[in-house]
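To start, the structure itself, in structure tokens.
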2 protein chains.
Amino acid sequence: MPRRTESLSRERIVDAAVELLDAAGEGGLTFRALTDRLATGPGAIYWHVANKGELLAAATDAVVSPALAADPAGAPGDRLRAVALALFDAIDAHPWVAAQLASGPWQTTDPRLLESVGQQVRALGVPRGRWFTVASVLVQYIVGAAAQNAANARVVGPGGDRAAILGEMARGWEDLDPDAYPFTRAVAGQMRAHDDREQFLAGIDLALAGVAALHPPRS
Amino acid sequence: MPRRTESLSRERIVDAAVELLDAAGEGGLTFRALTDRLATGPGAIYWHVANKGELLAAATDAVVSPALAADPAGAPGDRLRAVALALFDAIDAHPWVAAQLASGPWQTTDPRLLESVGQQVRALGVPRGRWFTVASVLVQYIVGAAAQNAANARVVGPGGDRAAILGEMARGWEDLDPDAYPFTRAVAGQMRAHDDREQFLAGIDLALAGVAALHPPRS
DNA sequence: ACCTGAACACCGTTCAAGT
DNA sequence: ACCTGAACACCGTTCAAGT
């Protein structure tokens, strides 16, 4: 059935890798699965790709690049939110990307995310001497929060009942020792009802409020 | 030489796992390496531990728990900084922990970090209805930023010349296309001189400023 | 230049057998 | 109850050989 029509290429290999990762997660990317799907031997793949690490990096880039390509318009704050949400949604659709982004250094891919975020930081009136720090903090929050959200989504699973699992977790929190975990118990109900995307945006808003407070725009 | 004196136990296995991970990173934890060091067979280890995933989780917990055990005194902001720094330093000393924390959901271990952070959020005067959101955002930043920092540290490596590698990366940024990467180029010098720990703290301060701005404490 | 496929070293895990 | 160690299925990677 999987008869080869086009000749092999790095692009076809990377596309197949993304499909395997989407279908079965990190563990789904295997040279055997890849050779099956592409109807070749492992040597053919190694001709186009140095090793599995490079293939994973290329697959990550194939998902992240389009998400960062769009350059939204609007006020700096809104553009920052749009960039962040684009990455959030890309990771949500391809949860395996999270581990790559979070545990490879974000400089690895290339500095596109830093550039996008940084341009908004500049537009927000942050003083020049603080550009790198503020932009880095925002990038780290965006990548880190999106990654941890993907991890939660993986627990629920593709066909899982989100409400049921949140409820189960909330019940676990409510059963904790009241002396050791008063806050967690008090907050279990809010966690049951929370929305991942909204909370991610709340984090961006919190950071933006911090930027405005520390660096009030002179008007 | 590695003669067994004590009998095997889950604790001894977890300790050995932490040592292997510290010595050689994620790839260093192997059942063969473990059996060598403990002078047993794999079956003995499986008697005490369900599988490799559980062992990794237990090793992570063994590192994270002590870091969260100390309950620092002081003003809410200072206590929050202390909790965050304790986790940062633990991850810095055991970089493999980062991948575990960032890509396993933080609820997995248990809600100790949320509890610590949350108690400070409450003390800061955040209104009750926003407790979960604000505390979650802070936890996600702390874990995410610490994890990405560990990834950077892994690039430098244990004996690596940090200044040299930062300089190399900065030079790469300075060579980027001026039209596509104006911000990144402008910021290369700041990145060359930056301090990971300081920048992490700057992120906490930014978040705290955001909390204060969105939820001004009534005095 | 590009591909084939057998082979290698290594991995997590199982399990009948011992004590 | 706790441990042994051979065995199994699977993995990433290599490489002589083909076209």
Side-chain angles (χ1 to χ4, degrees), chain A residues 1-62 96-97 99-100 103-104 108 154, chain B residues 1-62 96-97 99-100 103-104 108 154:
Chain A
M1 180 68 89
R3 241 316 110 118
R4 187 123 55 83
T5 63
E6 256 173 306
S7 75
L8 211 51
S9 71
R10 189 182 155 94
E11 196 196 350
R12 267 171 48 79
I13 294 172
V14 171
D15 286 349
V18 169
E19 286 168 28
L20 288 173
L21 288 161
D22 285 345
E26 192 105 31
L29 180 58
T30 289
F31 276 85
R32 324 271 158 166
L34 216 44
T35 53
D36 279 2
R37 176 175 287 247
L38 295 170
T40 32
I45 293 172
Y46 276 94
W47 177 260
H48 295 276
V49 154
N51 52 43
K52 191 180 181 180
E54 190 193 292
L55 181 53
L56 249 172
T60 301
D61 195 66
W96 50 272
V97 167
Q100 289 309 109
S103 52
T108 289
R154 216 174 318 168
Chain B
M1 179 67 90
R3 240 320 108 119
R4 188 123 55 81
T5 62
E6 254 172 307
S7 74
L8 211 50
S9 70
R10 189 181 156 95
E11 196 195 351
R12 266 171 49 78
I13 294 171
V14 172
D15 286 349
V18 170
E19 286 168 27
L20 288 173
L21 288 162
D22 285 346
E26 192 106 28
L29 180 57
T30 289
F31 276 84
R32 324 271 158 166
L34 217 44
T35 53
D36 278 3
R37 179 175 285 248
L38 295 170
T40 34
I45 293 173
Y46 277 95
W47 177 259
H48 295 277
V49 154
N51 51 42
K52 192 180 181 180
E54 191 194 292
L55 181 54
L56 249 173
T60 301
D61 195 67
W96 51 270
V97 167
Q100 289 308 109
S103 52
T108 289
R154 217 175 315 167

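Chain naming here is simple, since letters A, B, ... match the order of the sequence lines and numbering starts at 1 in each.
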Heavy atoms under 4.0 Å, any strand shown: does B/Leu29 hit a base, just sugar-phosphate, or nothing?
sugar-phosphate

For A/Asn51 and D/dC11, give me the distance from atom CG to atom C1', rounded to whole Å.
14 Å

Look at the side-chain N and O atoms of A/Trp47 and state whether any lies under 4.0 Å from the OP1 or OP2 oxygen of C/dC2.
yes

In whole Å, what is the span from the CG atom of B/Leu56 to the P atom of C/dG12?
10 Å

Roughly how far, to the nearest 0.5 Å, is the CG atom of B/Asp36 from the CG atom of B/Leu20?
9.5 Å

Specify the separation, in whole Å, of atom CZ of B/Arg32 and atom P of D/dG5.
14 Å

Of the listed nucleotides C/dT4, D/dT4, D/dT13, the one nearest the side chain of A/Ala44
C/dT4

Side-chain N,O (B/Thr40) to OP1/OP2 (D/dC3) below 4.0 Å
no

Of A/Gly43 and A/Gly27, whose closest DNA chain D nucleotide lies nearer the 5' terminus?
A/Gly27

Between B/Tyr46 (OH) and D/dC3 (P), how many Å, whole number?
16 Å

When the distance from NE2 of B/His48 to P of D/dC3 is rounded to whole Å, what number comes out?
4 Å

Using both distances under 3.5 Å as the test, list the Watson-Crick or G-U wobble partner of D/dC8, or none.
C/dG12

What is the distance, rounded to the nearest whole Å, between atom CZ of A/Phe31 and atom P of D/dT13?
5 Å

Here's a test of your reading of the structure: between B/Lys52 and A/Pro42, which maps to the more 5' nucleotide of DNA chain C?
A/Pro42

Quick check: are there more than 12 heavy atoms from other residues, nucleotides or ligands sitting under 6.0 Å from CD of B/Glu54?
yes

For A/Leu8 against A/Ile45, the heavy-atom pair lying closest together
CD2-N, 4.5 Å

Taking CG from A/Leu38 and P from C/dT4, how many angstroms apart are they, rounded to a whole number?
10 Å

For D/dG18, the Watson-Crick or wobble partner whose two distances fall under 3.5 Å:
C/dC2

Rounded to whole angstrom units, what separation is found between the CZ atom of A/Arg12 and the P atom of C/dC3?
10 Å

Here the gap from A/Arg12 atom CZ to A/Thr40 atom OG1, rounded to the nearest 0.5 Å, amounts to 8.5 Å

Please find the pair of heavy atoms, one from A/Ala62 and one from A/Val14, that lie closest to each other, and give the distance.
CB-CG1, 4.0 Å

